[in-house]
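Notes follow the structure.
It should be emphasised that the depicted structure is a prediction, and the values quoted were computed from it without experimental measurement.
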Amino acid sequence: MKSEILYPGAFPMVRVELAAGETIKAESGAMVASSPTVDIESKMEGGFLGALSRKLLSGEKFFFQTLRASRGPGEVLLAPTVPGEIVILELDGLNEYMVQKDGFLAGAESVKIESQMQSFSRGLLGGEGFFILKISGTGALILNSFGAIHRIDLKPDQEYIVDNSHLVAWSATTSYNIERAASGWVASFTSGEGFVCRFRGPGVAYIQSRNPGSFGAWIRQFIPVSE
Amino acid sequence: MNSNALCFGEDLPATGMPCHVEVSAVGLMVRFGDVAPDSGGPPVPFDALAVFAGGLNHDQLVVRWGNGSDARTVYLKDPALIRAFRAAAPPDLTRDLEATAAKVRQARMRQRTVWAVAAGAAGALALVLWLGSDLVVAFAVDRIPPAWEQKLGEAAYRDFLLQQSVVREGPAVTAVHDIVQRLSEKIPDNPYTFEVAVVKSDVVNAFALPGGYVVVFTGLMKKAESGEEVAGVLSHELNHVLQRHGLERIVKQLGLAAVVTIVLGDQQGLIGLMKQVGVELLTLKFGREQETEADVTGLRLLHRAKIDPAGMIRFFDRLSEQDKERVEILSTHPMSESRAARLKEEVAALPKQMPEPFEFDWKTVQGALGGSESVRP
Ligand SMILES: [Zn+2]
């Protein structure tokens, strides 16, 4: 499998080349176009219960789609729903990443995706829902963000504080605590805004330069309210 | 050679350097990439290592050695490798680790319990709503230490007083303190230290915040015809505090999330939740059952303090014959016929005793309040 980011920037797309018989897991709805040799298999990652609980508890899409080049080699074009950058991580089998539910775009066949329950308070306060994705294995992991994607490198014991709603993914070697932001947290308690994650290295954290919740609130003011 | 661990350090990439770790009898052999098996240098001896559990879920074994820019941190997550390390390392190195492992298991158990509780709670939600959530609420409220409650009440109390004109001294303050003193002496094992403020205002009301913060308005003191009447109101209010009615309401308002958070002792979560309702503490309304409970326990407390319990009934009775619209305390404590009957029944059931009068003279107290409003007969 070979993947390449087209039109890097705000409106990128990923071209994935698949050898005959090869598959890729993609977020449902991510496929833009494909060769006629590629078929879509809707498979429930983590079994029916896993998919159902993900759906119920994180509101995320029920399925990942499996795209298979079943009738010969071919290519697939994938794009996220929101404007923002795409980044491709090459998993080496050692590094594992936790990915916030909207951050996953696609992954190679050998990439393992698990829904992981967070501790209750993290889920309650964190704003990413009670489930996050734990991604391990080898091969390409394709993430998307809202806005630009920024990587923060953390040396052992180095700390960094990130607003929850800007989180995309972080390596499993980091540890993190959810903390209350200094102010303005009362009004936004339910949305999870106003909470921050204190990360502690080693590892990396990928963050997005725009906050989807705030953007939604900003947009809403221009939508006329029907009487 | 297959890498089986990640090595971190100041000069290594933040995603770690893949390395091959092997456990020997004397220490840890760490080799990077394509270095030949026999050129990895000597093993790092066990006595140079520090060990702890790390990573997001504390499920990785973190081994650290060296100082400054030469410091190395290796994350092991291969179970076989971790087992080998624990078997070979001297006990004093792994002792902390075993303790940490126990803690991690505990945390995991707790997390599992949390989810079980959460799942159970979600499943039981319908049942709870159906049966009324009083039992669940009581269970959660029992788990809140008075110290947290005090913090919460105190914040609201101080905020409130900042916006009010507080009577600092004089006969009214002395009288109110006397009353609270006499009452609180008769509360066995009282976890609260009551703090009372007299606030200059024509509002005919008094209230108590969780944790024992009591506010009496001069408007109420002007309407009262004796210290016993004020004592009746205060005893009722103090019993709202003692029975933790405020917390019960808060937990009810916040719902299941609060219950679960409290039961799990999740301080961070609870403070967030409680702070959020702190804003509404002052407008908290008690339920009818709580009012009845405060009435009954309030009367008993008056009796123990040898204060005539009839004062409380007189006060509410008389006020309700007056212009109800202007008497705030009646809006939260309406004197219905059933309430009056219950209060009288309760007083009649108490053993007879001679009440002891207060040391202050009520007319003097009221005189000191000054008057924008004359005392009505
Ligand atoms: Zn009351």
(message) More than 12 heavy atoms of other residues, nucleotides or ligands under 6.0 Å from CZ of B:Phe52: yes or no?
(response)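 Atom CZ in B:Phe52 is crowded, with more than 12 foreign heavy atoms closer than 6.0 Å.
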(request) Of all the heavy-atom pairs spanning A:Tyr97 and A:Asn95, show the shortest one and how long it is. (result)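 So the minimum-distance heavy-atom pair works out to CE1-CB, 4.1 Å.
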(request) Report the option among A:Glu96, A:Arg151, A:Lys155 that has the most heavy-atom pairs separated by less than 4.5 Å from atoms of chain B. (result)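 Counting heavy-atom pairs under 4.5 Å, the top option is A:Lys155.
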(request) Sort out for me which of A:Thr173, A:Thr174, A:Asp153 touches chain B most, counting heavy-atom pairs under 4.5 Å. (result)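 Heavy-atom pair counts peak at A:Thr173.
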[X] versus chain A, the contacting section by heavy-atom distance below 4.5 Å:
X: B:Ala5; result: backbone
X: B:Thr15; result: both
X: B:Tyr75; result: side chain
X: B:Gln60; result: side chain
X: B:Asp78; result: neither

Is chain B contacted by the side chain of [X], its backbone, both, or neither, given a heavy-atom distance below 4.5 Å?
X: A:Leu94; result: both
X: A:Asp92; result: side chain
X: A:Ser171; result: neither

(message) Within the 4.5 Å heavy-atom criterion, are A:Ile142 and A:Val87 side-chain neighbours or not?
(response)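 A:Ile142 does not reach A:Val87 side chain to side chain.
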(message) Side chains of A:Ser175 and A:Arg200: any donor to acceptor distance under 3.5 Å?
(response)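 Looking only at side-chain atoms, A:Ser175 and A:Arg200 do not form any donor-acceptor pair under 3.5 Å.
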(request) Say whether A:Ser165 and A:Asn211, considering side chains only, have a donor N or O and an acceptor N or O under 3.5 Å apart. (result)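 The criterion, which ignores hydrogens and geometry beyond distance, is satisfied for A:Asn211 and A:Ser165.
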(message) Treating A:His150 as the side-chain partner and A:Ile207 as the backbone partner, does any N or O pair qualify as donor plus acceptor under 3.5 Å?
(response)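 Checking the backbone N and O of A:Ile207 against the side chain of A:His150, no donor-acceptor pair under 3.5 Å is found.
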(request) Could you tell me whether B:Phe207 and B:Phe160 have their ring centroids closer than 6.0 angstrom? (result)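 When the ring centroids of B:Phe207 and B:Phe160 are compared, they turn out to be within the sub-6.0 Å range.
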